[in-house]
Amino acid sequence: MRIIYSPEQLAHAPLRENNRGEIGPAFEQPERARRVLDAIRRAGLGEVEPPEVFGDETILRVHDSGYVDFLRTAYDDWRAIGRRGDAIANVWPVRGLRSDRTPVSVDGRLALYSFDSMTPIGEGTWPAARAAANVALTAAASISQGSEHAAFALCRPPGHHAAADYCGGYCFLNNAAIAAQYLRDKGASRVAILDVDYHHGNGTQTIFYDRPDVLYVSIHADPSTDFPYFLGFADESGDADGRGYTKNLPLPQGSDAAAWFGAFAEAAAAISAYRPDALVVSLGVDTAAGDPLAHFSLDTADFRRLGQQLAAFGLPTAIVFEGGYRIDRLGGDVAAVLEGFDAR
Ligand code: SP5
Ligand code: ZN
């Protein structure tokens, strides 16, 4: 398996996070990527390669150009008016307020282009998010040329909560969606995205909701109790031409590995029935027991089994790293998925 990583991704280093009513250290920190990298090296899973540098073309097929310009300039605009610390919204255009106009003020644009207060923009955010997109694109390119069967994109910041025109849930550019779009543009007729992060990938679902050419299947915590709260319910199945090409498998908090793999079997059946040319996996390991932001209980052996089951599709596969916050375990859990995949 090819493994792609860029140290430029460490430049996104949020200072603080608003969580549970307190301002504390950020959960989504650079150390996460270092831990995964260390575990991959220790497991001898293969050479770690830097990404190729891509233009903005595929990013702009997934994301709104006004949003991308915002990401590029928000921190400088924030500093230019004397702000210190990371840029964070303190207002949002909810029901009845107009979101058809782009505010001049950076505070207004933060409001328009984000959906939460846990996703701060700092000096290194755009360079890191851009690098993460290149990591995902490089992984996609290596499987689309047929030279490799599988590739792991060690992306950070994560991506699956970012939609066409908003950031949130620690995500800015949707790395998995960008990989899927690239595969489509390079000739795959149908691409399946399987999202196994603990949280529903609201961004990915939204991006492909009305399209039949990208199937989105997600196993995640019930949004009634867990972030992102407003998307990811079982009755969301796609719209317009995309009807039938979104499948959500929400599980209650406290679900164990047996329940999780039961949902996986359903997800796998939907993917096989779709007969995709390629698979993109949004791999969050926040389904692990003891994850500080989650309530499932997979162990390292379960992650190895997940890797084996992903390989069983027999498809060109790009595995894109998403969440996972138990810092002492996440490296080993990611390595276990990749080992399981390679072992099969
Ligand atoms: C990529 C990713 O995994 N983003 C996740 C963002 C979710 N942040 C949710 C924070 C809410 C935490 N609630 C804590 C409950 C712990 N008992
Ligand atoms: Zn997550």
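Just so you know, ligand 1 is whichever comes first in the structure, and atom 1 is the first atom listed for that ligand.
- Looking at residues two or more places apart in sequence or on another chain, you find a ring pair (Phe, Tyr, Trp, His ring centres under 6.0 Å) between Tyr216 and His200.
- Under the ring pair (Phe, Tyr, Trp, His ring centres under 6.0 Å) criterion, Phe27 pairs with no residue at all, not counting sequence neighbours.
- The Zn ion (ligand 2) has an N, O or S atom of His199 under 2.8 Å away, backbone or side chain.
- Distances from the Zn ion (ligand 2) show that Glu322 has no N/O/S atom below 2.8 Å.
- Just one residue in the list Asp77, Asp76, Asp107 forms a salt bridge (charged side-chain N to carboxylate O under 4.0 Å, His left out) with Arg83, and that residue is Asp107.
- When the N, O or S atoms of Asp286 are ranked by distance to the Zn ion (ligand 2), OD2 comes first.
- Aromatic pair Tyr170/Phe227: centroids not less than 6.0 angstrom apart.
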Between ligand 1 and the protein, which N/O pairs fall short of 3.5 Å?
| from | atom 1 | to | atom 2 | distance (Å) |
| --- | --- | --- | --- | --- |
| ligand 1 | 3 (O) | His199 | ND1 | 3.2 |
| ligand 1 | 3 (O) | Asp286 | OD2 | 3.1 |
| ligand 1 | 3 (O) | Tyr325 | OH | 2.6 |
| ligand 1 | 4 (N) | His161 | NE2 | 3.2 |
| ligand 1 | 4 (N) | Gly169 | O | 3.0 |
| ligand 1 | 4 (N) | Tyr325 | OH | 3.3 |
| ligand 1 | 8 (N) | Tyr170 | OH | 3.4 |
| ligand 1 | 17 (N) | His295 | NE2 | 3.4 |

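- In terms of distance to the Zn ion (ligand 2), the nearest N, O or S atom of Asp197 is named OD1.
- Taking Tyr67 as the reference, nothing meets the side chain to side chain donor-acceptor pair (under 3.5 Å) condition, with sequence neighbours excluded.
- If you chain together hydrophobic residues whose side chains sit under 4.5 Å apart, Leu279 and Ile4 never meet in one group.
- No side-chain donor-acceptor contact under 3.5 Å links Gln181 and Thr58.
- Side chain to side chain, Gln205 and Asn248 meet the donor-acceptor criterion of an N or O pair below 3.5 Å.
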